[in-house]
Amino acid sequence: MASANHMGMPGESLRTHLRAATMAAHDLLDHAMQAANGWQTREDYARFLSLQHAARAPLEAWLAAHAPAGLVPPPQTGLIARDLAQLGMPAPAPAPLFTIGRPAPGSALGVAWVLAGSALGNKAIAKQVARIGGGAWPVAFLGDDGAMAFWQDLRARIEGPAAPTEAEGATRAAEAVFSHFLAAAEHAPTHEESVPA
Ligand code: HEM
């Protein structure tokens, strides 16, 4: 999944560069999450939320330790735990630690971009959940206005070109976050494994 060019094209916005570098990983993740969660039952939705909680908990811890205040998206694991509790499920244990070694210029921006950008996908998923769940499933996480507001602020910051070292650090970090999510998705129980025959 490593991009061939971490530096980007001259004049390219950081956002365009990050999206291009992680497009394949995003497609894989989208596919893995849809495959693991058929979106038919409350249990399917709860599995999706559990995966999100497990993957995000160590990322939120990483951001709290390494990112400057403006690059810390509002934590969402509390919202996910609330949704899981309303569905009658316990919050899952955190996934293994997330680490990218010594933080470099752009690292925090890359991690923040992936988590903030995921609010776009969450908005689309929230519509699906409202339809499938007949409006009865809790959506504190998917409908989080705080995440969308953070995303709008971050957009302004990434819609121009970045210094090459910052672009490189952000890209490496974003790729690492997608790998971390993919690993969590691959280890999530499938429908067949979690529901007795
Ligand atoms: C079922 C899973 C997912 C679906 C259906 C989905 C869907 C989407 C959609 C519709 C967009 C907007 C695309 C566009 O504007 O062209 C998007 C963007 C994005 N998503 Fe996802 N997504 C999913 C999972 C994730 C996850 C788990 C993450 C990361 C943790 C993520 C990170 C992002 C990022 C970083 C962007 C791009 C933001 C930007 O435009 O700068 N997505 N996703």
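Both ligands and their constituent atoms are indexed starting at 1 by order of listing. Keep in mind the model is a prediction, meaning the values are calculated, not measured. Heads up: numbering here begins at 1 and tracks the sequence.
- Panel note: side chain Asp30, backbone His26; no donor-acceptor pair is recorded below 3.5 Å.
- Short contacts between ligand 1 and Val114, defined as distances under 4.0 Å to a heavy atom of the residue, involve ligand atoms 29 (C), 30 (C), 32 (C), 35 (C).
- Remark: ligand 1 and Trp113 share an N or O pair separated by less than 3.5 Å (distance only, no angle test).
- For atom 40 (O) of ligand 1, the closest non-hydrogen atom of the protein is Arg15 NH2, 2.8 Å.
- The nearest heavy-atom contact from the protein to atom 30 (C) of ligand 1 is Phe181 CE1, 3.2 Å.
- In terms of modelled atom types and a separation under 3.5 Å, the side chain of Tyr45 and the main chain of Leu84 share no donor-acceptor contact.
- The backbone N or O of Ala55 sits less than 3.5 Å from a side-chain atom of His180, completing a donor-acceptor pair.
- With Thr16, Ile125, Leu59 as candidates, the residue nearest to atom 2 (C) of ligand 1 on a non-hydrogen basis is Ile125.
- Near-neighbour remark for atom 21 (Fe) of ligand 1: protein N, O or S atoms under 2.8 Å are His26 NE2; waters not counted.
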Full working for salt bridge (Lys or Arg N to Asp or Glu O under 4.0 Å) between Glu159 and Arg155: CA-CA 6 Å; Glu159 286 191 335; Arg155 262 182 61 178; 3.4 Å; yes
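- Polar contact check, Trp151 against ligand 1: no nitrogen or oxygen pair lies under 3.5 Å apart.
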Residues Glu168, Arg172; criterion salt bridge (Lys or Arg N to Asp or Glu O under 4.0 Å); working and verdict: CA-CA 6 Å; Glu168 178 169 356; Arg172 286 190 193 283; 3.1 Å; yes
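- Between atom 15 (O) of ligand 1 and the options Arg155, Arg19, Gln52, His31, the minimum heavy-atom separation is to Arg19.
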